[in-house]
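Heads up, the thing below is written out as structure tokens.
Quick note: numbers below take in every heavy atom, side chains included, and nothing from hydrogens, waters or symmetry partners. Just follow the structure's listing: the first ligand is 1, and inside any ligand the first atom is 1.
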Amino acid sequence: MTTLAIETSCDETSVAVLGPGGEVLANLVSSQVAIHAPYLGVVPELAARHHVEVLPRLVHAVERQGLLADLELVAVTQGPGLIGSLLVGTCYASAFAYARGVPLVAVDHLEGHLVSPFMNLNGEPAEAIPEGALTLVVSGGHSSYFLFSRGRGVPLNRTRDDAAGEVFDKVAAALGLGYPGGPVVDRLAEAGDPEAFRFSPPRIKDPQGELDFSFSGLKSAVIRQAQELQLAPLPDPQNPPQAALDLLASFRAAVVAWLLAPLDVLCQRHRPPVVAAAGGVAANRLLRQELARWGEKTGTPVRIPPLALTTDNAAMIGRAGQLRAASGLWTDPVTLEPYARVSWKGSGERGTGKRLFPPLATV
Ligand code: KG4
Ligand code: ZN
């Protein structure tokens with residue numbers, strides 16, 4: 001089904017058009033980084049206001065290219081995210097679908113990240129997601145492995161405190177490196193010594209959560225170390241001294257090592273046919289290299305999406321919408337309401353939330 005997709009969960013306004021097989025025909029992303037950078041984080045009211053201005057322009061742009069001529073489906077992010085931002089996207093998508101008489105499907109933002117490793121930007125159809133695929137979703141709000149099982153993304157672990165992307169952002173902010181922190185830390189870390197500083201991994205005693213992540217201790221340790229070295233904030237952020245580059249390289253190496261640490265155990269338990277990574281932190285160079293290396297060493301196929309599909313984008317929402325539509329999971333445009341918080345909590349099937357991910361078809 002030719003699909004128009006809309007993503008406004010946080011600070012990127014994105015509109016995509018997909019062909020019936022998940023071919024990405026357009027994937028426009030308007031970043032608000034410059035608007036939020038002075039505040040070192042996303043200001044929800046500013047984000048929502050900017051979505052109101054930009055979203056119609058992006059939809060008009062794909063319409064002018066003639067991409068909506070055979071429109072059969074509208075997909076939109078329902079949550080989790082900033083409620084004001086989500087309201088802009090869901091109201092626009094509902095009105096658009098209703099007015100044009102096109103079916104609507106609402107998608108969980110994480111479902112989008114989960115399907116993204118099986119998409120491409122070459123205009124080719126998306127891959128079917130194999131049963132048992134194991135995907136690390138790692139972004140500004142989430143750090144979890146998911147098993148794709150019987151059409152559902154089942155969370156296998158979670159972070160006990162901060163998400164990995166959040167920690168990149170907070171360390172960068174403490175050093176005066178601006179927002180978002182992940183890309184700049186990643187770039188500077190390339191010139192540092194990853195073995196200059198050692199950080200001990202957290203010990204989670206709870207046997208139910210032995211594979212869970214915890215990053216807030218690392219964040220505090222890195223910021224404390226930077227303060228001791230008088231690097232927080234950096235006197236000249238454009239020219240960080242070697243000690244700062246070494247600290248950032250050691251920090252990045254620790255995050256990546258800890259993110260990949262559960263892989264061997266998870267693979268022994270679940271024997272996944274493919275391992276994937278998704279979300280903004282999957283843009284990280286070291287994470288991409290190390291996961292690819294792990295795949296070669298163990299002979300496991302690995303999927304990492306192209307950079308433009310790692311950070312928030314509407315193309316992944318469109319594909320998740322197509323899979324939901326294939327399962328008959330339509331949304332009523334008149335009653336659609338966004339949700340701000342994740343709809344599941346805890347690890348594995350023991351989740352205490354309303355639901356895990358709803359079933360996606362495995363077409
Ligand atoms: O998926 P995303 O765009 O939004 C959320 O759903 O959160 O992820 C944004 C996060 C930010 O925390 C950003 O700093 C991080 O992804 N990020 C990176 C890199 N590029 C973006 N973290 C580490 N290395 C990168 N190259
Ligand atoms: Zn995201």
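Taking a cutoff of 4.0 Å between a charged side-chain nitrogen and a carboxylate oxygen, Glu131 and Arg152 do not qualify as a salt bridge. Salt bridge absent: Arg293 and Glu296 never bring a charged side-chain N and a carboxylate O closer than 4.0 Å. Look at Asp161 and Lys219 and you find no salt bridge, because none of the NZ, NE, NH1 or NH2 atoms lies under 4.0 Å from a carboxylate O. Salt bridge status for Lys205 with Glu210: absent, with no side-chain N to carboxylate O gap under 4.0 Å. Salt-bridge annotation for Glu190 and Arg252: present, with a side-chain N of the basic residue lying under 4.0 Å from a carboxylate O of the acidic one.
In terms of protein heavy-atom proximity, atom 20 (N) of ligand 1 is nearest to Gly280 O, 3.4 Å. Of the protein's heavy atoms, Gly182 CA, 3.3 Å lies nearest to atom 22 (N) of ligand 1. In terms of protein heavy-atom proximity, atom 3 (O) of ligand 1 is closest to Asp312 N, 3.0 Å. In terms of protein heavy-atom proximity, atom 26 (N) of ligand 1 is closest to Asp186 OD2, 3.0 Å. Nearest protein heavy-atom neighbour of atom 7 (O) of ligand 1: Gly140 N, 2.8 Å.
At a heavy-atom distance under 4.0 Å, no atom of Arg285 approaches ligand 1. Of all the heavy atoms of His113, the ones lying under 4.0 Å from any atom of ligand 1 belong exclusively to the side chain. Of the heavy atoms in Asp169, only side-chain atoms (C-beta onward) come closer than 4.0 Å to ligand 1.
Around atom 24 (N) of ligand 1, the closest heavy atom drawn from Val255, Asn284, Val281 belongs to Asn284.
Rounding to the nearest 10°, we obtain 90° for the angle at the Zn ion (ligand 2) between His113 NE2 and His109 NE2.
A donor-acceptor contact under 3.5 angstrom links the side chains of His51 and Thr13, judged on distance only. No donor-acceptor contact under 3.5 angstrom links the side chains of Arg224 and Gln227, judged on distance only.
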Between Val275 and Leu291, is a side-chain contact (heavy atoms from CB on, under 4.5 Å) present by the stated rule, with each step listed? CA-CA 9 Å; Val275 170; Leu291 183 55; 4.1 Å; yes
Audit row: Phe96, Leu4, side-chain contact (heavy atoms from CB on, under 4.5 Å) steps and yes/no: CA-CA 10 Å; Phe96 190 94; Leu4 169 70; 3.6 Å; yes
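Using a 4.0 Å heavy-atom cutoff, Pro183 is listed among the residues neighbouring ligand 1. Ligand 1 lies within reach of His109, whose nearest heavy atom is under 4.0 Å from it.
Residue-level check: among N/O/S atoms of Asp312, OD1 sits closest to the Zn ion (ligand 2).
Under a 4.0 Å criterion applied to the non-hydrogen atoms of Thr311, ligand 1 contributes the atoms 3 (O). Atoms of ligand 1 found under 4.0 Å from any heavy atom of Gly165 (numbered from 1 in listed order, with element): 12 (O). Residue-ligand proximity, Gly141 to ligand 1, at heavy-atom distances under 4.0 Å covers atoms 7 (O).
Between Phe168 and Phe251, the ring centre distance stays below 6.0 Å.
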